[in-house]
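Below: the structure, in structure tokens.
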Amino acid sequence: MQGTAIAQPNIALIKYWGKRDVALNLPAVGSISITLRELHTRMQVTFDDALETDTLTVNDAPDEKMLPRLSACLDRVAGPDRHRARIASQCNFPIAAGLASSASSFAALTVAAAHAAGRSLTTAELASLAGQASGSAARSLLGGFVELANTDEGIAVDTLCEADDWPLAVVVVAITETGPKAVGSTEAMEISRKTSPFYSNWVEQQSADLDTAREAIQDRDFDKLARIAEHNCLKMHSIMWASRPPMVYWNAATMRCLETVRTLQAHDFGVFFTIDAGPQVKAVCLPEHAAEVVVRLRATDGVADIMVSGLGQGARLEAAT
Ligand code: PMV
């Protein structure tokens, strides 16, 4: 009745923004991400018939706010008649700050809960369950470069390239703010879908961006991947900026980090940026250039902290319990 799983967050290079079905949490567009190695969430789920309600601790502190979303995920994995559960989450990076903590949390939760409930599920089933909790969580089930595709039935995830097959990437995360974001991504996506004049173009163009990124990954073409990833990221943020009300997740330090990356690019460093629904800048770089990228981003005014990660594997059980 207990399962413990570990999952890493992922960073989308071709982003998902917008839902085609809010109730089922199905994305409007496909996406491509890289799964990280050093950042992780460890989830332990214990079903216990002596419990009257679910309980959640995050880094050893009780958390009532997140609990309903996790309980709903457990209902989907183990059925609504399940025993109540004790959920313990440990996360080694800031939560809800645009660092994809929901991706690693719900990927780990789904895998841990399936094990605790004695269910042996396929990757497709796990992806569907994790994806209903958080759109990006399904991608954290797999390692390396991962594509999430829309299918007639829902979603499918696939590894495009294992982490070791193209160890191109070191991700340097420049943290410019550690607090939680003002508007959660689900709410923000709906505001974008309903009000942004750029939203329909975004949906139309996504398959071309996915094709380009897939080719770049197949050809191990870093420059091509860099160009399409930056373009896709700025396009997503343009939708947010043009929404009503506008949603600007960036701060002044975010902008300065982009300048730092552009300066490095002008000096032929293999690096590109991407930014999610938060103010942090993720610089994806060639391993041989990572040390310099770290030094320059650390020296950028307003950067509070730096995290460095290679590419990692997908969600997995920590131990059979
Ligand atoms: O998984 P969600 O619902 O938190 O959405 C994540 C959206 C972005 O991080 C901005 C883009 C992406 O594809 O991960």
Side-chain angles (χ1 to χ4, degrees), residues 7-36 39 41 66 69-70 72-73 91 93-110 127-142 145-150 154-155 157 160 171 173 180-193 196 199 202-203 205-207 209-210 213 228-241 243 247-250 254 273-282 284 315:
Q8 268 83 254
N10 66 77
I11 305 288
L13 302 183
I14 302 298
K15 311 286 189 188
Y16 137 61
W17 193 252
K19 299 183 198 285
R20 73 173 195 272
D21 185 323
V22 175
L24 293 175
N25 205 36
L26 292 174
V29 293
S31 52
I32 292 178
S33 61
I34 44 180
T35 304
L36 302 183
L39 316 186
T41 302
M66 278 293 286
R69 229 174 125 193
L70 276 75
C73 180
C91 196
F93 60 99
I95 292 168
L99 281 172
S101 58
S102 67
S104 52
S105 298
F106 285 106
L109 184 73
T110 304
S128 165
L129 289 162
Q132 284 177 63
S134 161
S136 53
R139 297 187 311 234
S140 275
L141 292 170
L142 301 177
F145 291 78
V146 177
E147 176 161 10
L148 185 152
N150 268 329
I155 55 164
V157 287
L160 295 176
V171 181
V173 183
K181 55 193 169 203
V183 188
S185 51
T186 296
E187 188 188 344
M189 284 182 200
E190 277 302 280
I191 294 173
S192 294
R193 186 179 65 79
S196 181
Y199 182 79
W202 158 259
V203 175
Q205 289 174 16
Q206 187 77 344
S207 68
D209 289 5
L210 287 165
I228 193 63
E230 288 191 351
H231 169 69
N232 188 266
C233 164
L234 293 176
K235 206 159 49 172
M236 179 183 79
H237 285 276
S238 306
I239 300 168
M240 301 177 189
W241 285 40
S243 296
M247 286 164 301
V248 178
Y249 284 106
W250 302 10
T254 311
F273 65 80
T274 189
I275 307 166
D276 292 299
Q280 332 300 1
V281 175
K282 290 110 184 187
V284 183

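Counting starts at 1 for both ligands and their atoms, in listed order.
Here is the list of ligand 1 atoms found below 4.0 Å of a heavy atom in Trp17: 10 (C). Applying the 4.0 Å criterion to heavy atoms of Met236 picks out, from ligand 1, the atoms 10 (C). Near Ala12, the atoms of ligand 1 lying under 4.0 angstrom from a non-hydrogen atom of the residue are 12 (C), 13 (O), 14 (O). Close approach to Met189 involves these atoms of ligand 1, each under 4.0 Å from a residue heavy atom: 3 (O), 5 (O), 7 (C). Per-residue contacts place Ala277 under 4.0 angstrom from the following atoms of ligand 1 (heavy atoms of the residue considered): 10 (C). Residue-ligand proximity, Ser102 to ligand 1, at heavy-atom distances under 4.0 Å covers atoms 4 (O). With ligand atoms numbered from 1 in the order given, ligand 1 contributes 1 (O), 3 (O) to contacts under 4.0 Å with heavy atoms of Gly135. Below 4.0 Å from some heavy atom of Lys15 lie the following atoms of ligand 1, by number and element: 13 (O).
To the nearest 0.5 Å, atom CG of residue Leu13 and atom CD1 of residue Ile34 are 4.5 Å apart. The distance from atom OG of Ser192 to atom CH2 of Trp241, rounded to the nearest 0.5 Å, is 13.5 Å. The structure places CD1 of Ile11 at 10.0 Å from CD of Gln280, a figure rounded to the nearest 0.5 Å. Summarising the geometry, atom CG belonging to Asn25 is positioned 7.5 Å from atom CD belonging to Gln132; distances are rounded to the nearest 0.5 Å. Atoms CG and CD, from Leu36 and Gln8 in turn, are 8.0 Å apart once rounded to the nearest 0.5 Å. With rounding to the nearest 0.5 angstrom, the OH atom of Tyr199 is 13.0 Å from the CD1 atom of Ile191.
Ion pairing between Asp209 and Lys15 fails under the 4.0 Å rule for side-chain N and carboxylate O.
Heavy-atom proximity to atom 6 (C) of ligand 1, evaluated over Ala103, Ala188, Ser136, is greatest for Ser136.
The distance criterion of under 3.5 Å between nitrogen or oxygen atoms is met by Ser134 with respect to ligand 1. At a 3.5 angstrom cut-off on N or O pairs, Asn10 does not count as close to ligand 1.
Considering all non-hydrogen atoms of both residues, Ser33 and Asn10 come closest at CB-OD1, 3.5 Å.
Here the heavy atom of the protein found nearest to atom 9 (O) of ligand 1 is Asp276 OD1, 3.4 Å. With hydrogens left out, the protein atom closest to atom 4 (O) of ligand 1 is Ser185 OG, 2.8 Å, a heavy atom. Ranking protein heavy atoms by distance to atom 11 (C) of ligand 1, first place goes to Tyr16 O, 3.3 Å.
Checked by atom type, the side-chain pair Gln206/Asn232 shows a donor-acceptor distance below 3.5 Å.
Judged purely by atom type and a 3.5 angstrom limit, His237 has no side-chain atom pairing as donor or acceptor with the backbone of Trp250.
Residue contacts with ligand 1, taken as heavy atom pairs separated by less than 4.0 Å, involve Arg139 solely via side-chain atoms from C-beta onward.
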